Engineer: 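Dumping the structure here so I can ask a few things about it.
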Amino acid sequence: MTAQQDTPPSSDGLFRTKTVEQSIRDTEEPEHALRKSLSALDLTVFGVGVIIGTGIFVLTGKVAKETAGPATALAFVVAGVVCALAALCYAEFASTVPVAGSAYTFSYASLGELVAWIIGWDLVLEFALGTAVVAVGWSGYVRSLMDNFGWSMPVVLSGTDVAKGFGFDILAFALVLVLTVVLVLGMKLSARVTTVVVAIKVAVVLIVIIAGLFFVKAANYSPFIPEAQPQTSGSGLTAPLVQLMFGYAPTNFGVMGIFTAASVVFFAFIGFDVVATAAEETKLPQRDMPRGILASLFICTVLYVAVSLVVTGMEHYTELSVEAPLADAFKAVGHPVYAGLISFGAAIGLTTVCLILLLGQTRVFFAMSRDGLLPRFFSKTHPKFGTPYRPTILLGVIIAIVAGFTSINELATLVNIGTLFAFVVVALGVLVLRRTRPDLHRAFRTPWVPLIPLLSVAASVWLMLNLPAETWLRFGIWMVIGVAIYVVYGRGHSRINDPVGRRS
């Protein structure tokens with residue numbers, strides 16, 4: 001690795017930056033250092049583990065029936081391309097700045113402290129909400145499997161959706177607490193658990209794909225791209241903008257319906273960026289981070305396209321179930337046993353989604369604490385396990401309680417907007433750092449700069465505009481709260497003010 005000039009950080013204003021060299025030096029402090037134990041395979045498994053969740057089992061039916069028909073496969077490709085553009089930018093940053101925190105750390109080095117705080121605050125919400133929502137979904141699949149065996153949970157312990165008055169989802173609560181313990185005990189243990197669970201999950205997906213191929217009928221693919229229909233519902237922001245700028249309204253089905261569907265199935269890809277939060281715990285981040293990020297995204301895109309082609313080939317898109325398309329498709333062809341297998345695969349799969357989302361959140365919180373923007377108390381690592389146990393325990397307990405008492409399904413779209421916002425910031429950060437620090441050694445370089453980052457920004461913004469207006473409002477409120485906390489606490493306690501003195 002070539003020698004790099006240690007440019008002093010800018011210490012004035014809201015956009016003061018923290019140099020890459022300083023970020024790396026912070027990882028060498030004994031009490032604030034994370035243990036390096038992950039390989040490229042571990043990172044790929046983490047990526048596949050967090051990406052493959054309910055999306056592959058549920059979203060296919062919804063978008064095929066309501067928006068794209070058999071061309072849902074193309075919608076997955078479009079969403080995968082949007083993620084790939086962002087992944088190339090993430091790969092450059094993660095290999096250049098191998099520090100915990102993902103988009104937060106990258107923003108601090110390029111766009112400044114205020115932007116870093118905003119994106120960090122955004123990621124804390126994204127990962128926390130995502131963990132809670134997925135834990136509640138996992139609980140539902142487990143209760144469904146229990147019903148198949150004649151077992152049932154007491155209504156009062158099955159969550160607020162099914163209980164009258166007081167209700168507590170004991171399964172979702174317990175899952176988050178167990179995963180919190182796993183994360184405290186060490187990243188290598190987390191990687192081993194994830195590897196086993198991901199192997200089971202991918203095996204179930206492959207069985208479904210292979211078995212479904214025997215029931216595919218070519219007639220069900222006609223028409224592959226159904227005739228366009230005017231949109232009759234939806235509160236996305238894109239429709240009025242497209243009408244104003246281009247003189248026509250967005251449609252369901254048709255070619256434009258594919259792009260509308262892509263904004264929905266994008267939820268199924270959420271999570272690959274979590275891989276970047278583990279950069280500091282990777283043995284050879286300069287080599288392995290790009291491999292892990294890009295490999296996991298490619299594998300999941302192939303699986304998603306295959307599943308969507310199978311399910312729309314088994315049953316005509318107009319007859320697909322919205323709630324459980326894969327399971328109901330197998331029931332329709334006389335093989336209900338696969339429905340139980342799919343529920344089992346979904347329940348197993350959501351375990352790793354929760355684990356890795358919780359991992360991502362604790363690493364972002366840890367990085368913000370180590371920089372002084374949050375209390376430094378939370379940046380101490382465990383003397384034996386080398387994990388950020390304090391924020392892991394705190395956040396794990398809070399999320400477990402939220403998952404136990406709240407279904408929060410109506411807030412799930414906040415996860416989408418938070419992720420897309422992070423994509424925009426990282427892409428812009430690549431452009432800024434290329435200009436301000438051309439001397440940095442980059443083990444992986446995003447190709448075709450500035451084209452790829454600019455395309456990533458445009459594609460992410462386009463999908464954000466397809467989200468409901470209510471999502472934008474909630475997101476704005478969360479950001480206002482975050483800025484207030486930064487002004488009151490973070491700005492004054494930032495280690496940029498006193499990088500040597502603030503060690504405790």
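For clarity, every value in this text was computed on a predicted model and none was experimentally measured.
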Engineer: Using modelled atom types and a 3.5 Å cut-off, is there a donor and acceptor pairing between side-chain atoms of Thr446 and backbone atoms of Leu88?
Structural biologist: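 At least one qualifying donor-acceptor pair exists.
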
Engineer: Any donor-acceptor pair under 3.5 Å linking the side-chain atoms of Ser37 with those of Glu281?
Structural biologist: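 Per modelled atom types, Glu281 and Ser37 side chains form no pair under 3.5 Å.
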
Engineer: Out of curiosity, Leu359 CG to Thr387 OG1, how far, rounded to the nearest 0.5 Å?
Structural biologist: 10.5 Å

Engineer: Please step through side chain to side chain contact (heavy atoms under 4.5 Å, CB included) for the pair Tyr90 and Ser102, ending with a clear verdict.
Structural biologist: CA-CA 8 Å; Tyr90 269 89; Ser102 185; 3.4 Å; yes

Engineer: Measure the shortest side-chain to side-chain distance between Pro98 and Thr282 over non-hydrogen atoms and say whether it is less than 4.5 angstrom.
Structural biologist: no

Engineer: Should Leu177 and Val181 be marked as a side chain to side chain contact (heavy atoms under 4.5 Å, CB included) after you check the CA-CA gap, both sets of side-chain angles, and the distance that decides it?
Structural biologist: CA-CA 6 Å; Leu177 288 186; Val181 173; 5.9 Å; no

Engineer: Would you indicate whether the side-chain heavy atoms of Leu420 and Phe266 approach each other to under 4.5 Å?
Structural biologist: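 Counting from C-beta outward, Phe266 and Leu420 do come under 4.5 Å.
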
Engineer: Does a side chain donor of either Glu126 or Thr419 reach within less than 3.5 Å of an acceptor in the other side chain?
Structural biologist: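 Distance-only check passes for Glu126 and Thr419.
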
Engineer: May I have the list of side-chain donor-acceptor pairs in residues 423-433 shorter than 3.5 Å, sequence neighbours left out?
Structural biologist:
none

Engineer: Decide side chain to side chain contact (heavy atoms under 4.5 Å, CB included) for Val178 and Phe173; before the verdict, give the C-alpha distance in whole Å, the side-chain angles of both, and the deciding distance to 0.1 Å.
Structural biologist: CA-CA 9 Å; Val178 169; Phe173 176 81; over 6 Å; no

Engineer: A side-chain contact here means heavy atoms from C-beta on lying under 4.5 Å apart; do Leu38 and Phe46 qualify?
Structural biologist: yes

Engineer: Could you state the interatomic distance from CG (Leu43) to CD1 (Ile293), rounded to the nearest 0.5 Å?
Structural biologist: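 Nearest 0.5 Å value for the CG-CD1 distance: 8.0 Å.
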
Engineer: For Asp26 and Ser23, which I'm curious about, is there any donor-acceptor pair between the side chains at under 3.5 Å?
Structural biologist: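 Side-chain D/A pair, Asp26 to Ser23: absent.
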
Engineer: So, do Trp138 and Thr351 sit near enough that their side-chain heavy atoms are less than 4.5 Å apart?
Structural biologist: yes

Engineer: Considering non-hydrogen atoms only, spot the tightest contact between Met479 and Trp121 and give its length.
Structural biologist: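 What the structure gives for the nearest pair is CE-CD1, 3.8 Å.
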
Engineer: Run the side chain to side chain contact (heavy atoms under 4.5 Å, CB included) check on Leu358 and Phe127 step by step: do they pass?
Structural biologist: CA-CA 7 Å; Leu358 185 58; Phe127 295 150; over 6 Å; no

Engineer: Using a distance-only test with no angle check, is there a side-chain donor-acceptor pair under 3.5 angstrom linking Lys201 and Thr352?
Structural biologist: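 Short answer, yes.
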
Engineer: May I ask you to decide if the ring planes of Tyr304 and Phe269 are parallel, tilted or perpendicular, using 30° and 60° as cut-offs?
Structural biologist: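 Correct class here is perpendicular.
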
Engineer: Looking at side-chain heavy atoms only, is the closest gap between Val204 and Ile348 below 4.5 Å?
Structural biologist: no

Engineer: Indicate yes or no: at least one non-hydrogen side-chain atom of Trp117 is less than 4.5 angstrom from one of Arg491.
Structural biologist: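 They are not in contact (no side-chain heavy atoms under 4.5 Å apart), so the answer is no.
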
Engineer: Do you know which of Tyr108, Tyr486, Tyr489 makes side chain to side chain donor-acceptor pair (under 3.5 Å) with Ser494?
Structural biologist: Tyr108

Engineer: Of the non-hydrogen atoms in Arg370 and Glu280, which two are nearest, and what is the gap between them?
Structural biologist: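 Smallest interatomic distance, heavy atoms only, reads NH2-OE1, 2.7 Å.
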
Engineer: At what distance, to the nearest 0.5 angstrom, does CG of Leu123 lie from CE of Met368?
Structural biologist: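 Spacing of CG (Leu123) from CE (Met368) equals 8.5 Å.
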
Engineer: Pick one: which of Asp371, Thr17, Leu373 meets side chain to side chain contact (heavy atoms under 4.5 Å, CB included) with Glu113?
Structural biologist: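 So the option named by the test is Leu373.
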
Engineer: For the OG atom of Ser460 and the CD1 atom of Ile417, what is their distance to the nearest 0.5 Å?
Structural biologist: 11.5 Å

Engineer: Only pairs at least two apart or in different chains count here, so list each salt bridge (Lys or Arg N to Asp or Glu O under 4.0 Å) that has a residue in residues 446-457.
Structural biologist: none

Engineer: Within this structure, what is the CG-OG1 distance for the pair Leu440 and Thr96, rounded to the nearest 0.5 Å?
Structural biologist: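 Reported to 0.5 Å precision, the distance equals 6.5 Å.
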
Engineer: Would you mind reporting whether Leu455 and Trp448 have side-chain heavy atoms less than 4.5 Å apart?
Structural biologist: no

Engineer: Indicate whether the side chain of Asp122 and that of Tyr104 have a donor and an acceptor atom separated by less than 3.5 Å.
Structural biologist: no

Engineer: On the ring face of Phe385, is Arg35 found with NZ or CZ under 6.0 Å from the centre and within 45° of the axis?
Structural biologist: no

Engineer: To the nearest 0.5 Å, what is the distance between CZ on Arg16 and CD1 on Ile496?
Structural biologist: 5.5 Å

Engineer: For Ile209 and Ala306, work out which heavy atoms get closest and say how close.
Structural biologist: CD1-CB, 3.7 Å

Engineer: Without swapping roles, check the side chain of Ser369 against the backbone of Pro375 for a donor-acceptor pair under 3.5 Å.
Structural biologist: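 A pair under 3.5 Å: yes.
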
Engineer: Taking all non-hydrogen atoms of both residues, which atom of Thr392 and which atom of Thr180 are closest, and how far apart?
Structural biologist: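 Heavy-atom minimum between the residues: O-CG2, 3.4 Å.
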
Engineer: I need the minimum non-hydrogen distance between Glu92 and Arg442, along with the two atoms involved.
Structural biologist: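 Taking every non-hydrogen atom into account, OE2-NE, 3.1 Å.
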
Engineer: On a heavy-atom basis, which atom in Pro391 and which in Thr362 lie closest, and how many Å separate them?
Structural biologist: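 Taking every non-hydrogen atom into account, O-CG2, 4.2 Å.
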
Engineer: Taking side chain to side chain contact (heavy atoms under 4.5 Å, CB included) as the definition, give me every residue that meets it alongside Ala91, ordered by chain and number, with sequence neighbours left out.
Structural biologist: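 For Ala91 the side chain to side chain contact (heavy atoms under 4.5 Å, CB included) partners, ignoring immediate neighbours, are Pro290, Phe444.
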
Engineer: Taking side chain as C-beta onward, heavy atoms only, is Phe15 less than 4.5 Å from Leu111?
Structural biologist: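 No, side chains not in contact.
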
Engineer: Compute the ring centroids of Phe378 and Phe365, then answer whether they are less than 6.0 Å apart.
Structural biologist: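 They qualify: ring centres under 6.0 Å apart.
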
